[in-house]
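Here is the structure we will look at, set down as structure tokens.
Only a predicted model underlies this, so the values are computations on that prediction, with no experimental measurement involved. Heavy-atom basis, side chains included; hydrogens, waters and symmetry copies ignored. First the proteins, then the strands, lettered A, B, ... as listed; each starts at 1.
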Amino acid sequence: MIRYYNTETRAKEELEPIEPKKIGMYTCGPTVYDYAHIGNLRAYCFEDLLRRHLKYCGYEVTQVMNITDIDDKIIRAANKAGIPIDEFTAPYIEAFHRDLSSLNIEPAEFYPRATGHIPEMVDLIKLIIDAGAGYRGDDGSIYFSIAAFPKYGRLSHIKLEGQKAGARIKHDEYDKESVADFALWKAWDEQDGDVYWETALGKGRPGWHIECSAMSMKYLGESFDIHTGGVDNIFPHHENEIAQAETATGRTFVRLWMHNEHLLVDNRKMAKSLGNFYTLKDLPNKGFSPLALRYLYISTHYRSKLNFTLEALQAADKTITGLYDFLKRLEEVKDNPDISYDPEFDNMIEKAKQGFLSELDDDLNMSGALAYLFDLETETNKRLEAGNLNRRHAEKVRDLFLDLDRILGLKLADALKSQSLEDEIEKLIAEREQARKNKDFARSDEIRDRLKEMGIILEDTSQGTRWKKR
RNA sequence: GGCGACGUGGCCGAGUGGUUAGGCAGCGGUCUGCAAAAUCGUUUACAGCGGUUCGAUUCCGCUCGUCGCCUCCA
């Protein structure tokens, strides 16, 4: 039984899809006016973990991730650069997909762009107006009237009366009947320059919230299973999505809302002004694989704040290196008829698997799940060390790790296939072996140093010398 | 002001009313020509103060501290 935490009810709930064994899921994607930072990427990694877990459990997942390629910042920056907005956003969209790929995030089924769905948004706004919840302000913009949607606030549990209204309300939005109302359609003004659409609603562009309601329903239907995003989206963005969609359709918009907590850097909010702002590009310079970052993300519960530090990233890097080493070692276990087959170890393998999966079924408790995996690793190593690990068991453990990597996404299989022995390395190792036999350690160390410079690390074991790439 | 989250051993980070989380780092041992890897052992954990209880890190209250949302924000 899978249970996930629902922001709306503030409780873990059993997953009950609308259609058996199928999940429609909408995940709020990037606004492409800049490169993604490691906080954004945490959200996409969480969503990837969620989809991989669902798929592992046999669900057919249809994931939609929007790309917001029209908003105030984009218009401002594109106009400043003197180029059309699609030209401005293109490199950021490309970078976004590259980032996802290097974190081994599975592609979603759909990446709809806001600018490609203006007609859908216009249609939705018309429905909202027909339902009596939309009105036109003096500036020509169309607003959603919160007063027309009594259930407003049920996701965020915010009571509008308690809000410090006005603190961040701009002067140009005084056309609204109520400060809590939000724009569905923004009428063109001079600052927008060439950026506008001529529609039945007039000349202008969509408000931010309407794209997600329109595009999610287009690809997933009026009612769908899961909607995710960062906690900052709960209010007002997701609250507004609900208001728009349910006003238009009269149906429940989303059954399960899941939100990931933010990431802190050195226990502070990440901000460019604080100088603790990282993007993925910054990591290789510091010697880390993006998969180390992935591990760091998924090993912390998605609803907890994650404190990013370089030390923690380093620990993550060492941890996955340890996993790769472990799998390589398993691969080298020889078939030895003297080693008996211990059926008890089968039970331990099975228990590790079940433990791992049941922790994930409990609202994606990856930390708990990993403990099972590491315990199995230690047990296997002990047997290996004691010389009583049967080849068949080594294969079973390896297969389990590779199987669970469908969820982890750490590319564990790469540890096995990458290193075909190259002649030169083999020759040098053989030469070093000879030197060691002759107790010519100066020569053997020289060879080891030379290989090290080539990025090859040697390990002498009782079964001979192993090597790996660093 | 309204709503909410959190404070676990050097670092990261699960969890539980009474039994070892786990990872990384450190220290000591085994193994090794030396390393590396592995392995064994090890380092007084649950912010503070009260309460409930046979027993609380785990429930309740208060205090202190950190962080978040309150209409750009993963």
*For RNA chain B, what string of dots and brackets results from 5' to 3' when Watson-Crick and G-U pairs need both distances under 3.5 Å, crossing pairs get [ ], and pairs with another strand get |?*
(((((((..(((.....[...))).(((((.......)))))....(((((..]....))))))))))))....

*Are OP1 or OP2 of B:rU39 and a side-chain N or O of A:N381 less than 4.0 angstrom apart?*
yes

*Mind jotting down which residue pairs meet the salt bridge (Lys or Arg N to Asp or Glu O under 4.0 Å) criterion with at least one end in residues 367-379 of chain A? Sequence neighbours excluded, please.*
A:E379-A:R383

_I need the CG-P distance between A:L404 and B:rG22, as an integer number of Å._
19 Å

*Roughly how many Å is it from CG in A:N240 to C1' in B:rU71, rounded to a whole number?*
7 Å

*Does the side chain of A:D361 pick up a donor-acceptor pair with the side chain of A:H53 at under 3.5 Å?*
yes

*Identify whether the distance between the nearest side-chain nitrogen and carboxylate oxygen of A:E332 and A:R329 falls below 4.0 Å.*
no

*Going by atom types alone, do A:N233 and A:H259 pair a side-chain donor with an acceptor below 3.5 Å?*
no

*Nearest-neighbour nucleotide for the A:N365 side chain, B:rG23, B:rG15, B:rC72 considered*: B:rG15

*Between the base of B:rC6 and the side chain of A:K305, is there a donor-acceptor distance below 3.5 Å?*
no

*On a whole-Å scale, what distance lies between the C1' atoms belonging to B:rG29 and B:rG23?*
23 Å

_Pair A:D325 + A:K318: basic N to acidic O under 4.0 Å_ = no

*What does A:G39 touch in the nucleic acid at a heavy-atom separation under 4.0 angstrom: a base, only the sugar-phosphate, or nothing?*
base

_Test of understanding: with side-chain contact (heavy atoms from CB on, under 4.5 Å), list the residues that count as partners of A:A315, not counting sequence neighbours._
none

*asked:* With nearest nucleotide decided by heavy atoms, which residue, A:R303 or A:E261, maps closer to the 5′ end of RNA chain B?
replied: A:R303

*What does A:A371 touch in the nucleic acid at a heavy-atom separation under 4.0 angstrom: a base, only the sugar-phosphate, or nothing?*
base

*If the P atom of B:rA5 is compared with that of B:rC59, how far apart are they to the nearest Å?*
13 Å

*Check every atom of B:rG23, B:rU71, B:rA21 against the side chain of A:S367 and return the nucleotide holding the closest atom.*
B:rA21

*For B:rG68 and B:rA25, measure between their C1' atoms and round to the nearest Å.*
31 Å

*asked:* For residues 293-315 of chain A, which residue pairs pass the salt bridge (Lys or Arg N to Asp or Glu O under 4.0 Å) check, not counting sequence neighbours?
replied: A:D48-A:R294, A:E261-A:K305, A:R303-A:D363

*Between A:L370 and A:G230, name the one whose nearest nucleotide on RNA chain B is closer to the 5' end.*
A:L370

*Distance, P atom - from B:rU16 to B:rA38, rounded to whole angstrom*: 31 Å

*Rounded interatomic separation in angstrom, taking CG from A:D232 and P from B:rC70*: 8 Å

*Interatomic distance, A:M270 CE vs B:rG68 P [rounded to whole Å]*: 12 Å

*Quick one: label A:L263 by what it contacts on the DNA or RNA (base, sugar-phosphate, nothing), any heavy atom closer than 4.0 Å.*
base

*When the distance from CG of A:L184 to P of B:rU71 is rounded to whole Å, what number comes out?*
18 Å

*Assign a letter to each nucleotide of nucleotides 28-37 of chain B from its 5' end: B, base within under 4.0 Å of a protein heavy atom; S, sugar-phosphate only; -, no contact.*
-----BBBBS

*In whole Å, what separates the C1' atom of B:rU66 from that of B:rC31?*
47 Å

*Could I get the full list of salt bridge (charged side-chain N to carboxylate O under 4.0 Å, His left out) partners for A:D69, not counting sequence neighbours?*
none

*Can you list the residues that meet the salt bridge (charged side-chain N to carboxylate O under 4.0 Å, His left out) rule with A:R42, with sequence neighbours excluded?*
none

*Are A:Y111 and A:H97 close enough that their ring centers fall under 6.0 Å?*
yes

*Hey, does A:R10 reach any base, or is it just sugar-phosphate, or nothing, if we go heavy atoms under 4.0 Å?*
sugar-phosphate

*Rounded P spacing from B:rU39 to B:rU44 in Å*: 24 Å

Produce the list of close N/O pairs, under 3.5 Å, pairing protein atoms with atoms of nucleotides 8-12 of chain B; give distances to one decimal.
from: B:rC12; atom 1: OP1; to: A:N307; atom 2: ND2; distance (Å): 3.1

*Pairwise side chain to side chain donor-acceptor pair (under 3.5 Å) hits with a residue in residues 28-38 of chain A, at least two apart*: A:Y33-A:K73, A:D34-A:K272, A:H37-A:N40

*Could you tell me which residues satisfy side-chain hydrogen bond (donor to acceptor under 3.5 Å, both in side chains) with A:D225, sequence neighbours excluded, listed by chain and number?*
none

*In whole angstrom, give the distance that lies between atom CG of A:L330 and atom C1' of B:rA38.*
12 Å

_Atom-to-atom span, CD1 of A:I105 to P of B:rA74 - whole angstrom_ = 15 Å

*Kindly write out the residues that satisfy side-chain contact (heavy atoms from CB on, under 4.5 Å) with A:N365, not counting sequence neighbours, or none if the list is empty.*
A:E359, A:S367

_Using the P atom as the point on both nucleotides, what is the distance between B:rG2 and B:rU53, in whole Å?_
33 Å

*What integer number of Å spans the C1' atoms of B:rG26 and B:rC67?*
30 Å

*Identify whether any heavy atom of A:H259 sits under 4.0 Å from a base atom; if not, whether one sits that close to sugar-phosphate; answer base, sugar-phosphate or nothing.*
nothing

*Rounded to the Å, how far apart are A:I320 CD1 and B:rC24 P?*
12 Å

*Please list, chain by chain and in numerical order, all residues satisfying side-chain contact (heavy atoms from CB on, under 4.5 Å) with A:S299, sequence neighbours excluded.*
A:Y295, A:L370

